[in-house]
Amino acid sequence: SQSYIVYLGSHSFGSNPSLLDSESVTNSHYDLLGSYLGSTEKAKEAIFYSYNKYINGFAAILDEDEAKEIAKHPNVVSMFLNKRYELHTTRSWNFLGLETDHGFANDSVWKKSLGEDIIIGNLDTGVWPESKSFSDEGFGPIPKKWKGICQVAKGNPDKFYCNRKLIGAKYFSKGFQAHLGEAENVNFDSARDTAGHGTHTLSTAGGNFVAGANVFGFGNGTASGGSPKARVAAYKVCWNGCYDADILAGFEAAISDGVDVLSVSLGGRSPREFSESGISIGSFHAIANNIVVVASGGNSGPQISSIVNVEPWTITVAASTIDRDFTSYVILGNKKIYKGASLSELELPPNKSYPLISAVDAKFDNVPPAFASICKEGSLDPKKVKGKILVCLRGESARADKGVQASRVGAIGMILVNDEDSGNGVIADPHVLPATNVGFADGSAIFNYINRTKSPVAYISKVKTEVGVKNTPTIASFSSRGPNDLDGKLLKPDITAPGVSIIAAYTQANSPSEQPSDKRRTPFVTMSGTSMSCPHVAGIVGLVKSVHPDWSPAAIKSAIMTTATTKNNNGVEILDSSLEKATPFAYGAGHVQPNLAVDPGLVYDLNVTDYLNYLCGREYTSDQLKVFYGKPYTCPKSFSLADFNYPSISIYELDVWKSLNVTRTVTNVGPPSEYRVEIQQPPQFQVTVQPEILRFTHKGEKKEFKVTITMKPNSKYVTDFEFGKLIWTDGKHHVGTPITIKYTDL
């Protein structure tokens, strides 16, 4: 038997269900399943979640034959297996902050609100409530709209407390347990974060100010979340992996508790059809209840079409570097110096070089070279390694684990060399020995030196914090890329934000390297991943929403996207980790600029009807739509995805012999103004806009415009993508929309 999620049609009650309403829904679930299993008692044993407030469905353990029969029931609109998702940090899977002085906390544009009155929820691994990032110093009473609780099981010895900052915590493990049975040494009765991921992400979104935050003395400064004055709530849905059934329960709880923003740093390996994804369904219900949902885009870059969490109603976040490096150099015997990244506390004794050996040369005779090159456990011969600096290749196992393996076999230090995919994207990790991570090109030079030198030697310098690093941000190599595999007509990711070597709060139940043999503990740690960039944007959403409480989730998303920049701090186009020019498939609309997002001038707005029409455009039946929406919905007779009012324009397979029209509507959210269009033309195309001037006389006024895209005469035909940008400007505001075009001569 397996665990399934069964979706039924819409609820009969409105958006504020009473306890009686919810109970009657759960009873109807028992009755429905009982009619197949023989009794409601058996149904009560099988069902482990009844979604009875906003979502109408249940999660149950069923045999395959039972499942097949239930799927035929007229009220069952969708049914799928309770599948697993992963956290989007690169610590644990290589395939796959709280910035000191983040530059906008004290800016006058935020009217000193800093996210006050905003409640940010986080679906993750829980929270470490004692962290100073969740201190409620300076916080007044809990907002009246809050309906959540601080969930602690009876008889649980864990002294887990919430306060006026961390106002809620809940945990959901039944989906995980249904899949795996009882896991050893796991306390399922607590929202306490034993992994560290949830504490890190929640503090990045909404952590309080903490002076003197650092990692082993590096990067010292005042830490704070994107919305430092927001209240925060933790929904622990991830244990060893995160399961659909628990994720859905977390979404439903967050909606009913009254959060304003939801940060979701988890996802699948590849995008799933929306009607079969707990994240898609849960996030739709959240948006329908005016909650902004921010999700991580995944860590399967730089492979194309690896982007996940591609729902048009969520904000999908890519990851980029910041202007702070934790630098440690490799100095070879031939006097060549290479810049690496590290957070190793330990340093090599100075004024001396040490013998250098590549992992392949250090392997046991019977071990395959590919296995040894990545410093897999048990592959390295201590006799060959002892007292030397070991060179390991990045990939497969966790970066910090390679250091643990090196240390175990007696290495005095480690150089971690990027594989080709990782390019120059180096990551600072709290290694257990003196170690540094160098880029692919530098690594090749180091391997060359070893192979051509009789007695190769090297030195690894101690770590230094560098700020104001030029040519940043760059896109992280691991950040998942477009085009959107589920729907090429919708550009994803939407935005990029800081996601490499981010300092934020951490658990005291795990070591900074996440390796069991590492006994160190630290209140703050660096992590990397789209898991880290996602809560940066969630924090910014909190800031925008506290200044504009009446804006829809789509308006807030539009404001963040249209004010983004595609330039780095040197004023040139943002590069990816291989130092090539990045594209909208890497960064969406660009890198987030919080101060501009509060005053975008114009927004591209969308509502629930628009999202339902988008699903109609994907040929969803009215039955399938019931999974997302509480009332029956009839699709319009004609709907063009090209006219879906998204803040980006994606043309997928334009016939080169025809021109294509796209319409968009902008809403004025600033003073009366006259906007003129500027177009950065895709090289092989002519993009024209009608009208070229939009005049707004009042706030809230809407204007439609038409974009026509035509192949230029004498263009050379290529089957790749081309990129451009459409900008509306009144001199003060620049409302930017990326254009991506794939074309075909079919």
Side-chain angles (χ1 to χ4, degrees), residues 2-15 17 21-22 24-37 43 46-47 49-60 62 64-83 244-245 247-249 251-252 255 271-289 310-314 486-487 489-490 606-641 644:
Q2 287 181 292
S3 55
Y4 292 84
I5 293 165
V6 180
Y7 275 98
L8 305 159
S10 31
H11 286 307
S12 54
F13 45 76
S15 61
D21 287 334
S22 297
S24 73
V25 171
T26 297
N27 286 333
S28 76
H29 296 165
Y30 293 149
D31 289 345
L32 187 147
L33 188 59
S35 69
Y36 288 92
L37 303 186
I47 291 178
Y49 283 125
S50 169
Y51 308 110
N52 58 16
K53 294 186 182 77
Y54 297 90
I55 299 159
N56 183 11
F58 57 85
L62 304 166
E64 204 174 332
D65 294 347
E66 292 167 343
K68 275 184 185 150
E69 284 307 305
I70 293 158
K72 295 174 189 166
H73 190 283
N75 291 0
V76 171
V77 294
S78 177
M79 182 167 173
F80 56 86
L81 282 168
N82 172 28
K83 295 179 295 290
D244 269 319
I247 291 167
L248 269 169
F251 268 113
E252 184 154 89
I255 295 166
R272 295 177 185 154
E273 186 53 55
F274 305 131
S275 57
E276 295 184 3
S277 153
I279 295 178
S280 301
I281 294 159
S283 59
F284 192 102
H285 284 274
I287 296 287
N289 285 277
V310 298
E311 297 79 10
W313 47 88
T314 60
L486 211 57
D487 180 2
K489 296 182 193 70
L490 187 82
L606 288 160
N607 58 29
V608 171
T609 306
D610 296 309
Y611 296 130
L612 290 167
N613 288 345
Y614 171 86
L615 294 173
C616 293
R618 282 188 71 72
E619 298 182 352
Y620 274 47
T621 64
S622 53
D623 256 5
Q624 284 174 307
L625 290 176
K626 288 179 186 166
V627 172
F628 296 93
Y629 196 52
K631 306 177 192 74
Y633 185 75
T634 309
C635 286
K637 288 212 165 32
S638 69
F639 174 76
S640 162
L641 284 183
F644 180 60

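All values reported here derive from a predicted model rather than from experimental measurement.
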* Asked: Stepwise, does the side chain to side chain contact (heavy atoms under 4.5 Å, CB included) test hold for Y611 with F644?
  -> CA-CA 9 Å; Y611 296 130; F644 180 60; 3.8 Å; yes

* **Criterion side chain to side chain contact (heavy atoms under 4.5 Å, CB included) on F284 and F274, from CA distance to verdict** => CA-CA 10 Å; F284 192 102; F274 305 131; over 6 Å; no

* **Evaluation steps, side chain to side chain contact (heavy atoms under 4.5 Å, CB included), between E276 and I5** => CA-CA 9 Å; E276 295 184 3; I5 293 165; over 6 Å; no

* Asked: Taking it one step at a time, do Y4 and E64 satisfy side chain to side chain contact (heavy atoms under 4.5 Å, CB included)?
  -> CA-CA 10 Å; Y4 292 84; E64 204 174 332; 4.1 Å; yes

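Qualifying side-chain hydrogen bond (donor to acceptor under 3.5 Å, both in side chains) partners for Y49, counting only residues two or more places apart in sequence or in other chains: D246. The side-chain hydrogen bond (donor to acceptor under 3.5 Å, both in side chains) search around Y36 returns none, not counting sequence neighbours.
Put simply, CG on L32 and NE2 on H73 are 4.0 Å apart, with the number rounded to the nearest 0.5 Å. Taking CD1 of I287 as the reference point, atom NE2 of H285 lies at 12.0 Å (rounded to 0.5 Å). If you take CD1 on I279 and OG1 on T314, they are separated by 9.0 Å, rounding to the nearest 0.5 Å. Taking OG from S622 and OH from Y629, the interatomic distance works out to 14.5 Å, rounded to the nearest 0.5 Å. Atoms CZ and SG, on R618 and C635 in that order, are 13.0 Å from each other to the nearest 0.5 Å. Taking NZ of K72 as the reference point, atom CE of M79 lies at 11.5 Å (rounded to 0.5 Å).
K83 NZ: more than 12 foreign heavy atoms inside a 6.0 Å radius.
Although no hydrogens or angles enter the test, the distance criterion places no donor-acceptor pair under 3.5 Å between the side chain of N52 and the main chain of T26. Side-chain N or O atoms of E69 include none that pairs as donor or acceptor with a backbone N or O of E66 at under 3.5 Å. Listed for the N82 side chain is a donor-acceptor partner under 3.5 Å among the backbone atoms of A245. Of the possible donor and acceptor atoms, one in the side chain of E252 sits under 3.5 Å from a partner among the backbone N and O of Y54.
Across all non-hydrogen atoms, the minimal contact from P271 to V310 is CB-CG2, 4.1 Å. In this structure, L248 and G278 approach most closely via the heavy-atom pair CD2-O, 3.8 Å. Smallest separation of non-hydrogen atoms from L37 and A46: CD1-CB, 3.9 Å. Of all heavy-atom pairs between S275 and I281, the closest is O-CD1, 3.6 Å. Residues G282 and I255 come closest through the heavy atom pair O-CD1, 4.3 Å.
For the 3.5 Å distance criterion, the side chains of Y614 and E311 fail to qualify, holding no donor opposite an acceptor. Between the side chains of N613 and Y633, at least one donor N or O sits under 3.5 Å from an acceptor N or O.
Proximity of H29 to N56: side-chain heavy atoms (C-beta onward) are separated by under 4.5 Å at one or more points. For the pair D487 and L641, the minimum side-chain heavy-atom distance is below 4.5 Å. When side chains are defined from C-beta on, L615 counts as touching L625, because their heavy atoms get closer than 4.5 Å. Looking only at side-chain heavy atoms (C-beta outward), L8 and V77 stay at 4.5 Å or farther from each other. Looking at heavy atoms from C-beta onward, F80 lies out of side-chain contact with S277 at the 4.5 angstrom threshold.
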